[in-house]
There are 2 protein chains.
Amino acid sequence: MISIPTIKRFPSYLRVLRHYRQLGYDWISATKIAEELGLTAVQVRKDMAGTGVEGKPKIGFEIDPLIAAIMHNLNWDTQTDAILVGAGNLGLALARYEGFASYGLRITAIFDSDESKCGKAVGDLLIMPINNISSYIQAHEVRIAVLTVPAAQAQQVAEQLVAYGIRAIWNFAPKDLKLSENVIVQRSDLATSFAVLSAKCRRMIDHGENSPVDLL
Amino acid sequence: MISIPTIKRFPSYLRVLRHYRQLGYDWISATKIAEELGLTAVQVRKDMAGTGVEGKPKIGFEIDPLIAAIMHNLNWDTQTDAILVGAGNLGLALARYEGFASYGLRITAIFDSDESKCGKAVGDLLIMPINNISSYIQAHEVRIAVLTVPAAQAQQVAEQLVAYGIRAIWNFAPKDLKLSENVIVQRSDLATSFAVLSAKCRRMIDHGENSPVDLL
DNA sequence: TAGATTGTTAATCGATTAACAATC
DNA sequence: TAGATTGTTAATCGATTAACAATC
């Protein structure tokens, strides 16, 4: 089974691979990928081993099969539908973000508890009242929710989502959710990310020392 | 020196501590904090040890000093100014986000290369043309930039920022920046976060197994 | 062939966890 | 006192890195 640290590097690998593909290359060495991303070549090779794709000594890896293998490992080669809950600043920004398509993620509905927002268009979707969420989830069999409600409401809304059938939550609210073991929660917490930035700044000032890339 | 994994847990500790403070508690045990966050009590105590605050056997930790110590360790008790570069969907959402104040972060200016956006108000700031960025950085001695430009421009814009004096970049562009060793880069990459969510979903489906909270 | 690269095995490193004495 | 908790030392676990043989 592929480790989480490796999984975290996959999107970066994909970006490098696509970049080199676009430049016209068909093959790329682990050495080159490592150099692009500030990693070691051994680490890149070990990560690649997880995908099942084999390289050729002296040449490297064929780019297209590698892209396909990584995409497949992330399950990004099949489309997954998700709903977005909370049409605030961040929620709307995410709803409008077009890059999700390349992760196989499609936002199929947006919900908000504020009735004055409902009916408004965001891209080709309409904001719907949160009361409709139960029937929507059941009708469309959605299993993933993007949670962008305020922190104060996050726990309660998350519990509702789970009760209605949601099995995985991508949580952007600055709140640590306490949910059943069998519900997947992935945080995307600005505070955590900024805390690391702050700590690195402090270290730089205190000891003039910088550490290599920390993948989130 | 406090480890990065510990730093990543600090914002969650702060949220729990503030929550219990608001409920009227003056003291809290590591056991309780661990339970709230799905961590082990030993880990919480070890993390707390890093702050320098000592607990009392049978009672726990005094909340206020703990909050103060964590805030101080993150350097969140002194205000830091930053500029935001790229007034797209995400950039505007971040510019409007009011929670940064509690991290000691203040966005003092917004820049975009699109002239039609310049002059528009975002909160109490005006979007400024990116040509002004050099003089702004020099005049205001800003050292941190929040980068929310499209991936295709990220590397080039980042290099400019560094040339003008920026020393730390909070990078929201889906691009891995290659910059000088002495520049701090902290990524906040949606793709990485979603990759982990995808992997967890796959594991859940494949083996019915879920792992505990992964802090980004 | 020489040299660059892959892939694997073993060593290292660092964080988490377990065990347990100390405290109130 | 008994029991819950803290704090520390040692063991465990897992990822990264080093060393090196295999390959083209």
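Throughout, a chain's letter reflects where its sequence line sits, starting with A, and its residues are numbered from 1.
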Participant: Residues in side chain to side chain donor-acceptor pair (under 3.5 Å) with A:Thr31, at least two apart?
Facilitator: none
Participant: Quick one, which residues of residues 16-24 of chain B touch DNA chain D with a heavy atom under 4.0 Å?
Facilitator: none
Participant: Checking B:Arg15 now: which residues fulfil side chain to side chain donor-acceptor pair (under 3.5 Å) with it, not counting sequence neighbours?
Facilitator: A:Asp176, A:Asp189
Participant: In sequence, state the C-alpha distance, the side-chain angles, and the governing distance for B:Tyr103 and B:Thr80, and then conclude on side-chain hydrogen bond (donor to acceptor under 3.5 Å, both in side chains).
Facilitator: CA-CA 9 Å; B:Tyr103 317 153; B:Thr80 310; over 6 Å; no
Participant: Hydrogens and angles aside, do B:Asn89 and A:Tyr97 bring a side-chain donor and acceptor to less than 3.5 Å of each other?
Facilitator: no
Participant: Taking NZ, NE, NH1 and NH2 as the nitrogens, is one of them in B:Arg21 or B:Asp26 under 4.0 Å from a carboxylate oxygen of the other?
Facilitator: yes
Participant: Please list all pairs passing the side chain to side chain donor-acceptor pair (under 3.5 Å) test where one or both residues lie in residues 146-156 of chain A, with sequence neighbours left out.
Facilitator: A:Gln155-A:Glu159
Participant: Centres of the A:Tyr136 and A:Tyr164 rings: under 6.0 Å?
Facilitator: no
Participant: Along DNA chain D, 5' to 3', what are the outermost nucleotides having an atom less than 4.0 Å from a heavy atom of chain A?
Facilitator: D:dA15 to D:dC24
Participant: Name the nucleic acid region contacted by A:Ala41, choosing base, sugar-phosphate or nothing; use a 4.0 angstrom heavy-atom cut-off, strictly under.
Facilitator: nothing
Participant: Output all residues satisfying side chain to side chain donor-acceptor pair (under 3.5 Å) with B:Tyr20, sequence neighbours left out; order by chain, then residue number.
Facilitator: B:Glu36
Participant: What pairs with A:Phe172 under ring-ring contact (aromatic ring centres under 6.0 Å, His included), at least two apart in sequence or on another chain?
Facilitator: A:Trp170
Participant: Could I get the full list of side chain to side chain donor-acceptor pair (under 3.5 Å) partners for A:Ser3, not counting sequence neighbours?
Facilitator: A:Thr6
Participant: Under the rule for ring-ring contact (aromatic ring centres under 6.0 Å, His included), what residues qualify as partners of A:Phe10, not counting sequence neighbours?
Facilitator: none
Participant: Map A:Arg45 and B:Asp47 onto DNA chain C by nearest heavy atom, then report which one ends up closer to the 5' terminus.
Facilitator: A:Arg45
Participant: Based on Watson-Crick and G-U pairs with both distances under 3.5 Å, what dot-bracket line describes DNA chain C 5' to 3', crossing pairs as [ ] and inter-strand pairs as |?
Facilitator: ..||||||||||||||||||||||
Participant: Residues in side-chain contact (heavy atoms from CB on, under 4.5 Å) with A:Asn75, at least two apart?
Facilitator: A:Asp77, A:Thr78, B:Arg202
Participant: side-chain hydrogen bond (donor to acceptor under 3.5 Å, both in side chains) for B:Arg187 and A:Ser12? Distances and angles first, verdict last.
Facilitator: CA-CA 11 Å; B:Arg187 316 185 329 151; A:Ser12 295; 3.1 Å; yes
Participant: Give, ordered by number, those residues of residues 50-67 of chain B having at least one heavy-atom distance below 4.0 Å to an atom of DNA chain D; if nothing qualifies, reply none.
Facilitator: B:Glu54, B:Gly55, B:Lys56, B:Pro57, B:Lys58, B:Gly60, B:Phe61
